[in-house]
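Here is how names work: the chains are called A, B, and so on, in the same order as the sequence lines, proteins then strands, and each is numbered from 1. Remember, it's a predicted structure, so these values are computed and weren't measured experimentally.
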Amino acid sequence: AQKVTQAQTEISVVEKEDVTLDCVYETRDTTYYLFWYKQPPSGELVFLIRRNSFDEQNEISGRYSWNFQKSTSSFNFTITASQVVDSAVYFCALSEASGGSNYKLTFGKGTLLTVNP
Amino acid sequence: ETGVTQSPTHLIKTRGQQVTLRCSSQSGHNTVSWYQQALGQGPQFIFQYYREEENGRGNFPPRFSGLQFPNYSSELNVNALELDDSALYLCASSRASGSFPYEQYFGPGTRLTVT
């Protein structure tokens with residue numbers, strides 16, 4: 001069965017600090033997909049990134065970067081020079097190819113990030 | 001491009017009642033998934049609809065049912081409401097399932113409170 005663990009329940013930083021959100025996943029599949037979503041107080045989940053299991057190349061998008069390591073089953077997310085607008089709950093999610101064609105998302109419990117001015 | 005919309009925004013029901021939640025998918029998307037998010041938890045997959053048929057279901061009882069219409073909009077119906085059904089219900093749309101998990105775009109959710 002697939003499982004996603006986000007061990008950090010809450011993180012509080014001061015603006016301009018760098019912060020890393022951890023994500024560890026479990027799956028029996030060799031082909032799977034990892035996602036990060038952001039949920040601001042408005043409640044709407046915002047898609048940030050999708051990663052395929054066969055592509056371990058790290059990715060950078062502006063202040064955001066993702067470190068995918070299959071050896072440790074981790075897909076960590078780093079925000080550089082954090083801003084108050086980054087305050088939100090961040091979810092890591094997993095989707096397995098063997099789940100059939102529906103590619104349901106299995107989410108972690110989320111990490112509440114608070115960036116203080 | 002119109003995003004995913006859901007209605008109503010908030011809803012209060014009494015235990016035992018029935019409720020219908022609605023979702024309009026993003027333009028160009030023909031797949032709709034529903035998730036339940038309890039307070040302080042991550043969203044949990046309820047079911048998905050593709051071309052008006054249920055295409056996968058999570059660990060939810062049969063009193064949770066759904067529909068998808070020809071215009072790809074969708075409904076989530078919950079019968080015999082229980083207190084534990086109180087949650088944020090999220091709808092997500094995406095392009096066709098198949099061999100690749102296109103990213104799912106979420107609506108703002110419907111906050112259901114059961115008293």
* Asked: How about residues 69-84 of chain B versus chain A: which residues have heavy atoms under 4.5 Å apart?
  ->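 The list, in residue order, is empty: none.
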* Joint hydrophobic cluster, B:Phe64 plus B:Val32, side-chain heavy atoms closer than 4.5 Å ->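 Yes, because B:Phe64 and B:Val32 connect within a single hydrophobic cluster, where side-chain heavy atoms sit under 4.5 Å apart.
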* Asked: Is B:Leu67 linked to B:Leu21 within one hydrophobic cluster, defined over Ile, Leu, Val, Met, Phe, Trp and Tyr using a side-chain heavy-atom separation of less than 4.5 Å?
  ->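 Different hydrophobic clusters.
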* Under 4.0 Å between a Lys/Arg side-chain N and an Asp/Glu carboxylate O for B:Glu103 and A:Arg50? ->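 Answer for the salt bridge query: yes.
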* Salt-bridged, A:Asp86 to A:Arg63, with N to O below 4.0 Å? ->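 A salt bridge links A:Asp86 with A:Arg63.
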May I ask you to decide if [Y]'s main-chain N or O and [X]'s side chain share a donor-acceptor pair within less than 3.5 Å?
X       : Y       : value
A:Glu56 : A:Lys70 : yes
B:Gln48 : B:Ser33 : no
A:Thr27 : A:Asp29 : yes

Kindly assign one of parallel, tilted or perpendicular to the pair [X] and [Y], based on the angle between their ring planes and the thresholds 30° and 60°.
X        : Y       : answer
A:Tyr25  : A:Phe68 : tilted
B:Phe106 : A:Tyr37 : perpendicular
A:Trp36  : A:Phe75 : tilted

* **Residue pair A:Thr78 / A:Thr20, side-chain donor-acceptor N/O under 3.5 Å** =>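 Side chains of A:Thr78 and A:Thr20: pair found under 3.5 Å.
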* Asked: Counting heavy-atom pairs under 4.5 Å to chain A, which of B:Gly58, B:Gly107, B:Pro43 comes out on top?
  ->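 Winner by heavy-atom pair count: B:Pro43.
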* Asked: Counting heavy-atom pairs under 4.5 Å to chain A, which of B:Gln44, B:Gln41, B:Arg111 comes out on top?
  ->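 Top count of heavy-atom pairs under 4.5 Å with chain A: B:Gln41.
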* Asked: Between A:Gln6 and chain B, which part of the residue has a heavy atom less than 4.5 Å away: side chain, backbone, both or neither?
  ->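 It is neither, since no heavy atom gets under 4.5 Å.
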* At a heavy-atom separation under 4.5 Å, does B:Tyr35 approach chain A through its side chain, its backbone, both, or neither? ->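 Side chain only.
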* To do: Pick one of side chain, backbone, both or neither for B:Gln37, based on which atoms fall under 4.5 Å of a heavy atom in chain A.
  =>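 The side chain, not the backbone.
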* Asked: Of the non-hydrogen atoms in A:Leu94 and A:Gln2, which two are nearest, and what is the gap between them?
  ->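 So the minimum-distance heavy-atom pair works out to CD2-CB, 3.4 Å.
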* Asked: Residue by residue, which of residues 108-117 of chain A have a heavy atom closer than 4.5 Å to a heavy atom belonging to chain B?
  ->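 The residues closer than 4.5 Å to chain B, in numerical order, are A:Gly108, A:Lys109.
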